[in-house]
Amino acid sequence: MHKIAVMPGDGTGPEVVEEGLKVLAAAAERFGFKYETTDYDFGGDRYLRTGETLPDSAIDELREHDAIFLGAIGHPDVKPGILEREILLKARFALDQYINLRPVKLYPGVETPVKDKGPADIDFVVVRENTEGLYVGAGGFLKQGTPDEVAIQESINTRKGAERCIRYAFEYCRKRGKENNLTLCGKTNVLNYAHDMWQRAFDDVAKEYEDISTDYAHVDAICMWFVKNPEWFDVIVTDNMFGDIITDLGAMIQGGMGIAAGGNINPEGVSMFEPIGGSAPKYTGQNVINPLAAIGAAGMMLEVLGEDEAAAAIDAAIGYVTAEKLESLAVGKTGYSTTEIGDLVADHVRGE
Ligand code: IPM
Ligand code: MN
């Protein structure tokens with residue numbers, strides 16, 4: 001029995017989560033696994049009502065689950081940063097979800113803005129470190145609000161943190177079995193401490209994986225290659241900030257935020273899966289948002305829960321729907337409503 005905590009969150013989050021759950025139910029029916037869900041209403045509305053974001057007691061409850069399925073966090077009436085830091089980042093840090101796994105896959109029939117590239121060219125995975133770097137919130141102000149103000153934002157990198165992320169990336173690359181190539185993405189020419197350590201950790205761990213070839217790309221160059229030669233990449237490992245940035249670019253070349261899914265993974269603990277786009281509040285309640293990213297996140301969740309067959313079936317069903325059904329992935333232009341897209345994927349997963 002898989003115990004899944006569901007946090008639909010804000011804006012269109014609940015609508016896309018609903019479709020993810022619909023597909024999950026179809027997969028359970030077809031592949032015969034059991035699960036139960038607990039709902040949590042953390043997000044902007046609850047914060048505005050009660051002042052509460054994600055209390056420590058909730059973290060303890062989340063720990064009792066096998067996985068978390070998250071919709072989206074972000075509310076137009078809440079100052080940017082509060083919900084992101086106190087809900088999303090708090091969960092990632094408190095549950096030590098040290099991997100942010102972000103596949104960049106162009107499904108068949110999906111339009112990419114990159115000219116002359118197709119599904120065979122755009123199919124790689126970014127392993128983003130998820131608990132360190134610039135995201136730790138270390139630093140401070142001196143003389144705040146004066147002309148002499150100083151703002152310090154420190155990037156904290158530990159050997160342990162880099163190494164466990166790099167080791168995960170090597171293991172993932174081996175399991176994926178595609179090109180058996182892992183690229184380290186950094187900025188070693190400038191970040192002469194942090195990325196020097198990352199490079200050394202990478203080179204040391206690489207010795208344990210002789211079956212995996214390795215290379216290195218600076219973060220600015222990788223942005224260029226994502227557009228020019230995305231087919232060069234198999235698995236990429238990088239730090240938290242760079243991973244954040246390059247995966248938005250990745251989402252664009254795979255057809256947009258409507259299809260980009262991600263997993264915040266603690267391989268030894270509770271992982272959390274989410275569509276990586278935002279809450280898109282202006283489309284709330286209109287049944288027009290494309291739920292494929294949330295459905296993809298549900299599929300990733302099943303893979304981490306050990307339901308490999310079900311995960312593969314969901315992935316195939318997404319590809320079927322993009323290839324055979326949807327006219328576009330753009331909001332309002334798919335030719336189907338949110339719930340209809342969920343039905344199409346669920347039917348295919350059920351084998352109908
Ligand atoms: C993401 C988001 C978050 C991040 C924000 C909302 C804090 O952009 O999941 O990529 O920067 O990690
Ligand atoms: Mn981001």
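Values reported hereafter were calculated over all heavy atoms of this structure, with side chains retained and with hydrogens, waters and symmetry mates removed. Just follow the structure's listing: the first ligand is 1, and inside any ligand the first atom is 1.
With hydrogens and angles ignored, the 3.5 Å screen pairs no side-chain donor or acceptor of Thr12 with any backbone N or O of Glu15. Distance alone, capped at 3.5 Å, is enough to place a donor-acceptor pair between the Asn264 side chain and the Met272 backbone.
For ligand 1, the atoms closer than 4.0 angstrom to any heavy atom of Arg92 are 1 (C), 4 (C), 9 (O), 12 (O). Each of the following atoms of ligand 1 lies closer than 4.0 Å to a heavy atom of Glu84: 6 (C), 7 (C).
Arg128 forms a cation-pi arrangement with Tyr135, by the criterion of a distance under 6.0 Å to the ring centre and an angle within 45° of the ring axis.
Distance from atom 2 (C) of ligand 1 to its nearest protein heavy atom, with residue and atom name: Asp244 OD1, 4.0 Å. For atom 5 (C) of ligand 1, the closest non-hydrogen atom on the protein side is Leu88 CD2, 4.3 Å. Given atom 1 (C) of ligand 1, the protein heavy atom at minimum distance is Arg102 NH2, 3.3 Å. Counting only heavy atoms of the protein, atom 11 (O) of ligand 1 lies nearest to Tyr135 OH, 2.6 Å.
Nearest heavy atoms, Met252 versus Pro113: O-CD, 3.3 Å.
By the criterion of a heavy-atom distance under 4.0 Å, the side chain of Arg128, and not its backbone, is placed next to ligand 1.
Among the heteroatoms counted here (N, O or S) of Asp244, OD1 is the one nearest to the Mn ion (ligand 2).
Between His195 and Trp198, the two ring planes are perpendicular [angle over 60°; tilted spans 30° to 60°]. Under the 30°/60° scheme for interplanar angles, the aromatic rings of Tyr40 and His65 are found to stand perpendicular.
Ligand 1 does not have Arg85 within reach: every non-hydrogen atom of the residue lies 4.0 Å or more from it. In this structure, Met241 does not count as a contact residue of ligand 1, since none of its heavy atoms falls inside 4.0 Å of the ligand.
Contact annotation: the side chain of Asn100 approaches that of Arg102 to within less than 4.5 Å [non-hydrogen atoms, C-beta and beyond].
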